[in-house]
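Have a look at the structure below, then the notes.
All values reported here derive from a predicted model rather than from experimental measurement. Keep in mind that the numbers below use all heavy atoms, side chains included, and drop hydrogens, waters and symmetry copies. Just so it is clear: chains get the letters A, B, ... in the order the sequence lines come, proteins before strands, and each one is counted from 1.
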Protein chains: 2
Amino acid sequence: MPTTLKDIARELNISVSTVSYALHGGTRKIPDQLREQVRETAVRMNYRPNRLARSLVTGRTNTIGVVPPVLDDDVFLSPYLRMAWNSIVNEAEKLRQDLLLLTASDRTRAADSIDDLVDSRIDGLLFVAPSVEAKPFERLTELQVPYTLMSAGGNAPGPHFGVDNNQGVRLAVQHLMALGHRRIAHIGGPDSSYDAIMRKSTFDQLVREYDLPLFDGQSQHGPWTRESGEARLVELMKLAHPPTAIFAGNDDLAIGVLGRAFEMGIRVPDKLSVIGFDDAGFLAYGLPGLTTVRQPLPELAALAVRSLVDFIATQSVPADLELPATLVVRESTGPAYLTP
Amino acid sequence: MPTTLKDIARELNISVSTVSYALHGGTRKIPDQLREQVRETAVRMNYRPNRLARSLVTGRTNTIGVVPPVLDDDVFLSPYLRMAWNSIVNEAEKLRQDLLLLTASDRTRAADSIDDLVDSRIDGLLFVAPSVEAKPFERLTELQVPYTLMSAGGNAPGPHFGVDNNQGVRLAVQHLMALGHRRIAHIGGPDSSYDAIMRKSTFDQLVREYDLPLFDGQSQHGPWTRESGEARLVELMKLAHPPTAIFAGNDDLAIGVLGRAFEMGIRVPDKLSVIGFDDAGFLAYGLPGLTTVRQPLPELAALAVRSLVDFIATQSVPADLELPATLVVRESTGPAYLTP
DNA sequence: CTGAAAGCGCTTACAG
DNA sequence: CTGAAAGCGCTTACAG
């Protein structure tokens, strides 16, 4: 049986309210000596406040609920989420917020069941890269649950924290063009991802804008995996005129391309240039290091957490924030190889 | 104002208990028609059960508290924790347990303050690779909090789930010896890590057992980082007779060695063999792929979660489990290079 | 069969 | 200044 305030009160022959005030301060003044005595007794009796009971009364839990992209197997292995989650944890710790990962909700109804995420155990929700199909965010506003969104689309209302995909993709394409590339392919992420959609559509737009050559399978959606990068590379290399450069929608895709290119004996960057997106701290040794577009994930994640905590505290909706991407040139891109 | 059972009861002119039974089953039979009516009303009124209140009564939260290695910055970036955490999340989801990451506790007192982890919001605790200095686990037993330990030492009482370090290190050293290596160095993890201590002491023991040559700085503790692997390699290469093979305490250290070796122009495995530990899914493209000792982290993490849930349900302490390691041979190890 | 009530462990306005 | 009491939203033994 855990010790309760009542136990301490009985032990000292004082009231529960006095014990409560003595332990937690508050509006009532307690004589120093009594307060000390209460505290000592609490320690001696192994008293641990019941946060359930406290939260039930105060309505505050100091806990943030986190909703990962799609809770299917192995999301937490992705470099993106690893980076984002690490930063979420660090920031939550600074702000003394615990983190509740809501796994036990009914995933069968997935996106529709935002209701299941509304939980009295949390003060607010952080959505990390929610699927673009996840619509009913209005419901959260209706239920008065503060929330912020990371890497989410304009179709989801609410405070957004994301990278400037448009500008980032421009960086990638212009880098390749500066190296003389014109025959450029894009291996994109899934069309359920806002970032993937934005990156592909910006790429497609730039192809038109710069009047780059068009070819079969030049720009496609697919899973965010190395396997997808590998498979797409194989297909692209079957073309009569394969691309001289590939812009991958994230680093995992790019690493897949690099790995398979190595196996196929396609030298990078001599015969093929590869650029990724994220720079989410993948491990790479040996050459070539991956040229990529860095998205400031740690900053974005920290901001999403901090803004959520502000939102909860002030009840006023924080402002959106879109941070610029930066180009990180390593060894996987080089001058275009021109077929003789 | 969220809807409560009382609101529904008032709406339908029935009692709160009837509403509760109608929504959640339980011991009382409710006529089908009434039950339907209650459910419809609940949906219409946006009823969401308050889990705080429910848990306060039932004493169950269906939530597991997770305590990561040391909550300083960036633990979640480590390959080990990424792998373990991913598996913890997957298993928790299967068992319909939510996960509470306790960050807001008082970290200043760190290991001593296990008390702060005892939280009415969780049914049990999972410690992931706790520091060997974290002693007061007895306290948890005293407070009757079920817990399991992953990658923890024998000094911590409680149900352990870990790899057989002794056997794993033997695998590594024997692999190197079979390739003709005798001058072998070990770059170890921190002496606050049980795994690191075990690996180093087993290595030291094998050096004696096989009568391998001794040399300065042959076997040392250090952080679990790539930087440490790099720095140690540089030192080892300054020796008059540098080792021909390095056994790193984890993959991060090994990757550091590999990366720096590449920069220093030391060809692997021609001039130097490198073997790691964990095989925790680091990304590597290009050659050489890292030969390593695989520890079944996903299985261990899943077991630690499942056993904790059993522990909570049955109140009987689960059995320890030590799983064997396996050798994964890739390209970073080869025949010993003998100075002419 | 169903309602009224106790109680989980707190916080905090309300009495005295 | 401090105690008694209400109330947070549930579950469930207890009455009727």
With no hydrogens and no angle check, do the side chains of A/Thr63 and B/Arg121 hold a donor and an acceptor under 3.5 Å apart? yes

Ignoring hydrogens and angles, tell me if any N or O in the side chain of A/Arg51 forms a donor-acceptor pair with the backbone of A/Thr61 under 3.5 Å. yes

Run the side chain to side chain contact (heavy atoms under 4.5 Å, CB included) check on A/Leu95 and A/Arg306 step by step: do they pass? CA-CA 8 Å; A/Leu95 302 173; A/Arg306 211 176 315 146; 4.0 Å; yes

Could you list the residues that satisfy side-chain hydrogen bond (donor to acceptor under 3.5 Å, both in side chains) with B/Glu142, not counting sequence neighbours? B/Arg139

Pull out every protein N or O sitting under 3.5 Å from an N or O of nucleotides 14-16 of chain C, one pair per line with the distance.
none

Can you tell me how far P of C/dC1 sits from CG of B/Leu34, to the nearest Å? 13 Å

Please check if atom CD in B/Gln315 has more than 12 non-hydrogen atoms from other residues, nucleotides or ligands closer than 6.0 Å. yes

What is the distance, rounded to the nearest whole Å, between atom NZ of B/Lys29 and atom C1' of D/dT12? 18 Å

Just say parallel, tilted or perpendicular for the rings of A/Phe76 and B/Trp85, cut-offs at 30° and 60°. perpendicular

Bracket string, DNA chain C, 5' to 3' - pairs by Watson-Crick or G-U geometry under 3.5 Å, | interstrand: |||.||||||||.|||

Calculate the interatomic distance between B/Asp32 atom CG and C/dC1 atom C1'; express it in whole Å. 15 Å

Nearest-Å distance for atom pair CD1/C1', residues B/Ile30 and C/dG3: 11 Å

Return the value, rounded to whole Å, for the distance between atom CG of A/Asn13 and atom P of D/dA4. 11 Å

Whether each nucleotide of nucleotides 5-10 of chain C has a protein heavy atom under 4.0 Å at its base (B), only at its sugar-phosphate (S) or at neither (-) is summarised, 5' to 3', as --BBBB

B/Arg51 has an atom CZ; how far is it from atom C1' of D/dT11, in whole Å? 15 Å

Where does the angle between the aromatic ring planes of A/Phe137 and A/Tyr147 fall among parallel (under 30°), tilted (30 to 60°) and perpendicular (over 60°)? parallel

Contacts of B/Arg39 meeting side-chain hydrogen bond (donor to acceptor under 3.5 Å, both in side chains) (sequence neighbours excluded), chain-then-number -> none

List the atom pairs, with distances to 0.1 Å, where a side-chain N or O of residues 16-25 of chain B and a protein N or O form a donor-acceptor pair under 3.5 Å, not counting sequence neighbours.
residue	atom	partner	partner atom	Å
B/Ser17	OG	B/Ser15	OG	3.0
B/Thr18	OG1	B/Ser15	OG	3.0
B/His24	NE2	B/Arg54	NH2	3.2

Under 3.5 Å: donor-acceptor pair, side chain of B/Asn86, backbone of B/Met83: no

Main chain of B/Val132, side chain of B/Ser192: is a donor-acceptor contact present, judged purely on distance under 3.5 Å? no

